[in-house]
Structure formats: C-alpha cells, structure tokens
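Below is one structure, written out as structure tokens; the observations come after it.
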2 protein chains.
Amino acid sequence: MSDETDAPPAVAGTVPPDASGVLSIDAMGGDNGPEAIVAGLAAAMKAHPAIRFIVHGDKSKLDSLIARRRGLADHCVTRHAEDVVAMTDKPSQVMRTGKNTSMWSAVESVRSGEANVCVSCGNTGALMAVSMLRLRKLPGVNRPAIACLWPSRNPSGFNVMLDVGADIRADADDLLQYALMGMSYARNGLGLERPRVGLLNVGTEENKGRTELRAAHDRIEAFAEDSGYDFVGFVEGGDIPGDRVDVIVTDGFTGNVALKTGEGTARFVRDMLSEAFRATPMSKVAALLAMASLKRLSKRIDPRRVNGGVFLGLNGTVVKSHGSADETGVAAAIALAYDLSLTGFSERLRARVAATTTYMGDEA
Amino acid sequence: MSDETDAPPAVAGTVPPDASGVLSIDAMGGDNGPEAIVAGLAAAMKAHPAIRFIVHGDKSKLDSLIARRRGLADHCVTRHAEDVVAMTDKPSQVMRTGKNTSMWSAVESVRSGEANVCVSCGNTGALMAVSMLRLRKLPGVNRPAIACLWPSRNPSGFNVMLDVGADIRADADDLLQYALMGMSYARNGLGLERPRVGLLNVGTEENKGRTELRAAHDRIEAFAEDSGYDFVGFVEGGDIPGDRVDVIVTDGFTGNVALKTGEGTARFVRDMLSEAFRATPMSKVAALLAMASLKRLSKRIDPRRVNGGVFLGLNGTVVKSHGSADETGVAAAIALAYDLSLTGFSERLRARVAATTTYMGDEA
C-alpha cells in the first residue's frame, strides 16, 4: 500500500470497505493512451459524484494527467505498473510474462477485493487470459463469455448479446450457461425483471440448425420457469436490434461476426447519411434544421455509448472497452461498470450460477 | 409445348435457341402473390426490351394479369402449374410431392435448357432442394452455396458474400469452392476483373479461428495466382460493407446470421431516421429540403435493390428473391438474373469449377 501514501490526500479513506462503487482502471492499454482514459474518468466522475477509482499504469504520468482535472484526484488512487500490454501481444505470452503490466495490476485489484469491477481498453484476448488466470472461473462455468449491449427497439433501448468473442466454440451446456448469465446481466444492467431469452439460429423452426443448437434449445427451455425468464425459442439475425427478445444467446464466433457486422453496417449507413447531407446546398440547410433530431439519433446508434463488453462467468466482473475508445467511450464503459458494481452484480451472478449448477450436477 | 399455342402471338418465336436472355419465373410462391411478380416483370421489361420470360403458375390468372400490362404479353410464355409451394412446406416433402408446383416447373425450364436462369420468391429451403434434385450439383462441387450482394463502400457499390444459407456446415474444401464460385460471380455480376477474396473470421491474424478456417486460408491462398483473384486473408464482420474486399467467404450459418443482422441493423437505423425527421416541425421542414438526397441514400441501402440470392454450384443458375419482395424487389432480382443470363455465367462457372477440380483431384 506504499503507493497510497504518495496519492492525493483523502484518497485511501474514500475506498469503502465492501469495494462497492470502486472501479479498478487499466489506464494504459487503449489506442488513445492514458489521456483518453483519464478524460473518461473525469466525465464519469461528473455524472457519479460518489465513484472511486484505483488507476493502474505509469504513475507519474497518471498523477500529472489526473491533477489537471479539477477534483479528480480526490476520487483516485494510482498504482504504478512498469509495463503495458500491446494490442499485438499474444495472450499466452502475457499470461507468462505480464505480471508487471497495468492490465494485470488492474485485474489484481478485483481479485484482492479492493475494487469491485475492472475496466480496460486493452487487448481483448490478453485481458480474458489474465482475467481467467487471476480471477478463475465461477464454479460450474465451463466457458466464460463476453456480453455486449446492442441498440434495439426495446423500451430500455438495448438488448444483451453473448458470447461476442470470449471463445469460438460453445456446446449445449455452455449455451445454457450463457442464457443464465445473460439473463442475470439483463436484470442488473437493464433493470428487466423477467428477461426474454432467445437462441440465435438461421431459422425459427424448432427442427432447424446445428445439433448442439437443438439440444441447447431444450435445455434453455427447461430452465426458464425456475430461473425466472421467458424463453422465446430460436431468433434470427434480424431480431438482434428488434423487440422480440432481450437476451440473445450464441457462440463467440457467430456473436463476434454479428457484432462487427452490425457495427460496420451502422457506421456505413451513418457515413452515407452525412454524405447525403453534404450533397446539395439545400440538403446542407436541411442538416442544420434537423440537427437536434439527428444528434439524438446519432447518440442512440453511437457504438461509443454502448461501449463495454462484460466478461461473465469469473469470480469478479471485468468490463472490456473498445481499444479505440475516446473520452465518451471510456465514460460509457465506466458508467456501465459503476452500475454493475452498485447492484452487487458479481455476487448475484455467482448465486445464479451456483443454484443451477447443483441442478445440472443432479441431471448428469 | 401445347401451352405455347395458347400464348400470345410471337411468343414462341421470341425464345432464342441458346436461351440467352430467357428467364424462367416461378410466379406463385411469394408473400405478395402473382400480382407483385407480374408487376416486377413489367418493370424489368421496360428496362430491358429484349428480355423474355417463361412464367409458371396458375395460367388463367397469370394470362389475365399479364394482359393488363401493355406489351408484356409479347415477352411472356405462360405455363400452367396446379400447385404452389407454401412458405411452411418442408423441403423433403416438396421433393417428394412437389412435381406439379410452379417452383418445380420453373426449375424444370432451366433443366431442359429453354431458359437460362430461374427466378423464384418462394420458400428458400424448398427451392434449394428442388434445384439440387433437378439441376444436380456441378461435377466437383460438394456443397452449393447462396451468394448475395451487399451494399458496400466499393466503387461498384456492392460486395459479394457466400454462403448465406444453403448449408449450415462447410469444411475447408467447401470454403475453397465458395471462393472460386464467388470470384466468378463477382466477375460476371459486378464486372470486376480481379476480385479480392477474403475469408470471414473473428480476427485478421493468421493463427486465429477454427481449424477448418486456417486450412481454408492456406488453400484459398494457394489457388489465387492461377485462378486470377487476390486473396486478402481473413476479414471481419466490419469488412462486409467495407472496401478491403470484394468477395466474402463463409459457411452458411455464419453468413445467414451476418446477412440478417446487417439487414436488421440497416432497417433499424432507417426507422430511427424517419422518426427523427418526424420529431419536430423544424425537422419535418428539413426532411422536405433533404428529400432528394435522402432518397438517393435510401435507394443505396434499400435491401429490395439488392434483392436476389444466387444459387451457385448447380447445372444452371437460380436466383432466389425475398419472399416479401414487391414490384421493385422482383424487378431487381430479374435484372440480376438477366445480367447473369447474358454474360453466360452458368457456363463460365462450370468451366471455372472444372479447371480447379482437376487440380484438387490431383492433390487428393
């Protein structure tokens, strides 16, 4: 705890004993450097005055960046880490030699219990590897998953989809676990009491798709009543931004392709739209007149605002922000992490998985 | 040929002996009935005055619909088919008992050689099953594929993606075949001399993804030089509407999810946009001013304009239009089919596959 003596006054005292509302931040791994991360911390602090951060990375640089933001130092403890995980580093290599990286240090604060949720913009594969190694999987979970929020027609404005890239494989039992974890996330992250869960397939008929999907269909259906969700059966790609379902369950290969296809399509349409508005003098005037409405739209479909994949199935919660996240993106990931921290999400998820694992054990 | 004696005068004579420019139309299977199909025929005829149709379905109904469109009867032969394949019919059932359906009859015209390309808005699974049964796979093709055109940032405005749903499985050899067939389609459908081919994965590093993808990577790379395409390696979901690649190769499960996710996202953004323009009196004025530009945009990303999945790998070409296609959608599918018919695409594809099959046989 020697670092804390160097920290700004009143910092150590601000970390509550149960770590609720305390976030551990990897400040170094993003494409835009610690500047973007610290800017995001300052923005999040304005929205959530009780938030507290443990910030990992180049201490002298971080202290100086934090000092430039009025009031931010009172919310931060900085922890020095010598190394940074590069985007090109292989996960296996980071697991062996990454002990002195800001990413490792940030995950360690969740392991030790001094922070409740970890946030990183770094290399996804390395972050998952370090999180698995240090936090370990929850008892009963075979494959952890990454869940994302997806802009949708639902009243909350979002759907949950998982797995979007933790593992390229998933069998029927994994998909059931994803359903349970995703449902728990939708309850705590979106405030839905009885989430509707769907299984992604290439058609909605029950006899369609791969064998493991048909098996998963029956298992997820069997758990619905006791676990407090509605199972809507198979859903298709078009339902991901729709309002038929709240939680979309799929393997990490399909989920990752769908996520990136959706983001790419939204970006493409947005670019075409700006082009359309620059096309003629009249359309330029129109753009000015419609500015407020278009800003609202742009905010609704801005991937930065839903920036934060959440690692589910570990002893502790890790939020992965886009590597290219700017201030807005980092602030969004932090807001999400803060919500999950305050609702005690990690503990609730553990309880949910434990309850169903017993049942699955009986069945096996 | 008794039907043709009942057909409008000059019709039989308009079918050229090589069937180039003659399309066989299943007029019954779409959600909007024969009315939408015949309207699409009329629109396509205006754009392509030399086009000829063999139209399959309820003959008296079709003759009456066709008679109502000025000049259309001179471009059409009608063939009576008693039955219609419903959207809910199972492919296996249609294969056994579907001989009298308009779909079967439409495919038969391609098999007999009197038409060059078949177009149907019907049940995809049944259409693929009937096409496989009657047209048979090209020698050397294990799994036929459905290719779609995707709006993109490329100069042509489109990318090709396959398979988008013919088969939920694909091994490394299938993916190589898809690369060759997709490349041939991009040459004939988009006029690209040397298409860039990419393999869809969850990352662009060569060591990533499923085993069969790494094997397919090496095979597609090995064939690039001799087959006249550039292999750009692995691509991600975000590249599907991008300009890094012209042909995106993937299995039918992933491709179908990506296609429907992209369509769903584009529809979602478009609906949000209309909502934004209806929000305030000022935004309503803006919508009026920007109308022309927005119409151009809407046209560019309108899924109806790229309406037509093409079945590749059979002895003959079948274009599958959306079941919900309206006049615009049907006309787009027909325009695509007509292009493929005039360029002799079926023969070129057969030659391409034959050339590489010999090589693959040597290798095995």
Side-chain angles (χ1 to χ4, degrees), chain A residues 88 90 125 151-153 165 168-169 200-203 205 207-210 236-242 250 252-273 275-280 282-283 285-294 296-297 300-301, chain B residues 88 90 125 151-153 165 168-169 200-203 205 207-210 236-242 250 252-254 256-273 275-280 282-294 296-297 300-301:
Chain A
T88 49
K90 290 202 175 153
S152 83
R153 295 176 205 261
I168 54 173
R169 275 163 301 263
L200 190 61
N201 200 349
V202 294
E205 300 86 3
N207 61 338
K208 273 215 169 177
R210 298 167 169 159
E236 299 189 87
D239 294 314
I240 300 178
T250 187
F253 186 91
T254 310
N256 188 270
V257 168
L259 175 66
K260 288 179 180 163
T261 302
E263 285 179 352
T265 304
R267 209 162 43 230
F268 175 68
V269 175
R270 215 167 40 228
D271 291 353
M272 295 294 113
L273 185 62
E275 217 173 84
F277 274 117
R278 283 194 308 267
T280 66
M282 208 130 93
S283 63
V285 174
L288 283 174
L289 288 176
M291 184 94 61
S293 304
L294 289 175
R296 262 198 309 278
L297 166 68
R300 177 108 191 245
I301 61 170
Chain B
T88 48
K90 291 204 174 150
S152 83
R153 296 176 205 263
I168 54 174
R169 277 162 300 263
L200 190 60
N201 199 349
V202 294
E205 301 86 2
N207 61 340
K208 273 215 171 177
R210 297 168 168 160
E236 298 188 90
D239 294 314
I240 300 178
T250 187
F253 185 91
T254 310
N256 188 269
V257 168
L259 175 66
K260 288 179 179 163
T261 303
E263 284 179 352
T265 305
R267 208 162 41 228
F268 175 68
V269 174
R270 215 168 37 229
D271 290 352
M272 296 293 114
L273 186 63
E275 216 173 85
F277 274 118
R278 282 194 307 266
T280 67
M282 208 131 92
S283 64
K284 282 180 194 160
V285 174
L288 283 174
L289 289 176
M291 184 96 62
S293 305
L294 289 175
R296 262 198 309 278
L297 165 68
R300 178 110 191 243
I301 60 170

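Naming: A, B, ... by sequence-line order, numbering from 1 per chain.
- Rounding to the nearest 0.5 Å gives a distance of 5.5 Å between CZ of A/Phe253 and OG1 of B/Thr250.
- Pairing each heavy atom of B/Val202 with each of A/Gly252, the nearest pair is CG1-O, 4.3 Å.
- With chain B as the partner, the residue from A/Asn201, A/Asp239, A/Thr88, A/Leu259 showing the most heavy-atom pairs under 4.5 Å is A/Asn201.
- The CD atom of B/Glu236 lies 6.5 Å from the CG atom of A/Asn256; values are rounded to the nearest 0.5 Å.
- The shortest non-hydrogen separation linking A/Ala258 to B/Thr261 is O-CG2, 3.6 Å.
- Contacts between A/Ile168 and chain B at a heavy-atom distance below 4.5 Å involve backbone atoms as well as side-chain atoms.
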